[in-house]
Structure formats: structure tokens, C-alpha cells
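The first residue of the sequence shown is numbered 1, and numbering continues consecutively from there.
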Amino acid sequence: MAIPVYQSEINQIVGHYHPNSIHYNSMSYRYHWRSLYQRVVSVVDFDIPDSWDMDYFEYLIWILGYAIILPTKRYGIIPQHGTLRDLGIMYQPTRAVVSNKWFDFDDLKIWKDCAIIKLSPDYCGIADVIDFYAKKFSLIDASYNVSLINTKIPYIVSAKNKSYAQTFKAVMDKVNQGEPLVVYESVKKKSEDDFALEDSEPWNFLDLHAGENYISDKLADQYRIILNQFDTEIGIPNNQQSFKKERLLSNEIESNNAETSTRLTTFINTLERSIDRTNNLYDLDIKIKKHEFDTGNTGRKEVMQNG
């Protein structure tokens, strides 16, 4: 989908914050939001009619939460976004409204005039999940940049006068050139290449303890931990213990595999039920399957199993 559509979803989410002021870098947030969305669509492989646009269909399923499938005289059977209304006796929507610049359908009876392919039982997408993690990544990104900047200023030095300042710069130049030892005497200079200092302290140092302020490595580890948590939510195999242990017990791996499949199983089951009903209504052949991921742990592809 086009970038303005991403932005409209982001604006809708941010508009519900209380307070709705943003306390993170908006460009970093937008970058991570789009990156996580692209990660999400890799989890499931859809097989849809050739005339349907895959990007549009996936966006409807993952972000809007459902796609309205309806027959049209000019375009045939197509997916569309729209509004669901009129709850029935089981508190499920019974009618749909589809409106764009090419046509309007303001009273479609669901499973008679149109079909619904939905991601979850509550007809919601996962824009809230993407937003939840994009904010965390944006905050880590800001902290990471600050940590890198802080390591660039390890010392602040004051000198008695310009002559002492120039001498100190010359000493640091030789150190930076790789000389292991720089020697100078506290006597008058014999030539322009000599260093001469008085017995008294000519400089004052302020050590900012750059090594103690450096936390970029910890932030990078935290970034990976949070990404693993996101992957667990959407169903991508990962190793939550990778930063603590070099080797994992088999029961720990199995536990993580089960956790990874839990929410995805709900998505798959809900999609399959609505897809089967849509195929029967319009004689289509829409299919869905989980994507196969090479985990790198065994050297072979492992298919995520239900439950």
C-alpha cells in the first residue's frame, strides 16, 4: 500500500492516546511501524485470484482486520474495505457498507450480498500490536543515538592560556598517531618540535567516564529481545533465551514453539473458516498456509505446527 495509508493508520492510533502527545521520534516510529508491518505479512502465504491486488488484500486482512468480498458488474468479484454494522442475535455484524469513487453499496447483507474474510474473531487487525512495539523500538533508537553521541566526548580540558592549549593539542596529535609514549620536559623549549611545561599543573581535566556511559551494547541486546517478543506474538520462530544461554534444553525450545503458535493458530483458524465460507458462496479457490521459516538451528526448514 501507499505510504499515506500507513500514515492514516498511524494518525488514527496516535489520536487515541491520553494524553495524545508523542514522546518519541516520529520518523523513527514510522520507520519501525512499516518495518514491523512488512515482517507481519511474511507469516502467512495467501493464494488469491490473479485479478486481486495482493498488497491491498493483505493490508485489509492485517490492518483493517477483514476484507469484504463482493460481486460487481464491472470488476467481477473483488475485495474491498468498508464498514460493518447491524449486530444480529449472536452479536455479529449482519450488513456491510462499501463506498469508494467508483461505486457505492450501502446495504449489503453479509453472506448473501457479500462475504467477509476476517483475521480474528473480533474483526480487528493487529495495528495495535505493531504500534505497541514500534513505540518501544523508537525509544530504544533514541537512547542508542544518545549513547553513541556521549562516547564522542570523553574529556573536557581547560588550559591556562593559548600556549598551553596548543601544547596539549600537539601531545594528543602524537598519541592519536599511534605513538605509545610521548615525553616532554618541564623546561624552556629548545625548538618548535619540543614540548615544554612548567612544574605546576597547566591543565584541568573533566573526565566524563565514557566507558561507563556506553550502553549501546545493552540497548542492541534489548532491541533483539523485544523483536523476539514481537515475533512470538505474530508467529515467527525465535529463541527467547539466546542472550542467556549458548545451548537450550529441548523443553525450552518446545515451550517457545508452542507460545509462538498460540496467537497465529487463532488467526489461521479464523481465516480458514471465513475463506471456506467465501469459496462456497462465490465458487472461488482462495487458499492460505503458514509460511515456512528456516530457523537456522537444525539446517532444515521447520513448519510451525498448530498448538
What's the shortest heavy-atom distance between [X] and [Y], and which atoms?
| X | Y | result |
| --- | --- | --- |
| Glu272 | Ile288 | CG-CG2, 3.8 Å |
| Tyr282 | Leu70 | OH-CA, 4.2 Å |
| Ile68 | Ala96 | CD1-CB, 3.9 Å |

**Request:** Answer yes if the ring centres of Tyr37 and Tyr59 are under 6.0 angstrom apart, and no otherwise.
**Result:** yes
Applying a strict under-4.5 Å side-chain criterion to I, L, V, M, F, W and Y, I'd like to know whether [X] and [Y] cluster together.
| X | Y | answer |
| --- | --- | --- |
| Ile110 | Leu87 | no |
| Leu281 | Ile69 | yes |
| Ile78 | Val98 | yes |

Check: [X] side chain, [Y] main-chain N or O, donor-acceptor pair, under 3.5 Å:
| X | Y | answer |
| --- | --- | --- |
| Thr278 | Ser274 | yes |
| Ser138 | Ala134 | no |
| Tyr56 | His81 | yes |
| Asn280 | Asp276 | yes |
| Thr83 | Val97 | no |
| Trp52 | Ile77 | yes |

**Message:** Looking at Asp107 and Arg85, is any side-chain nitrogen of the basic one under 4.0 Å from a carboxylate oxygen of the acidic one?
**Reply:** yes
**Prompt:** Given the rule in the side-chain contact (heavy atoms from CB on, under 4.5 Å) test, do Tyr123 and Ile116 qualify, once you have shown the distances and angles that lead to the verdict?
**Reply:** CA-CA 10 Å; Tyr123 292 84; Ile116 301 293; 4.0 Å; yes
**Request:** Identify the residue among Lys290, His291, Lys289 that makes a side chain to side chain donor-acceptor pair (under 3.5 Å) with Asp45.
**Result:** His291
**Asked** Run the side-chain contact (heavy atoms from CB on, under 4.5 Å) check on Tyr133 and Leu227 step by step: do they pass?
**Response** CA-CA 8 Å; Tyr133 286 95; Leu227 184 60; over 6 Å; no
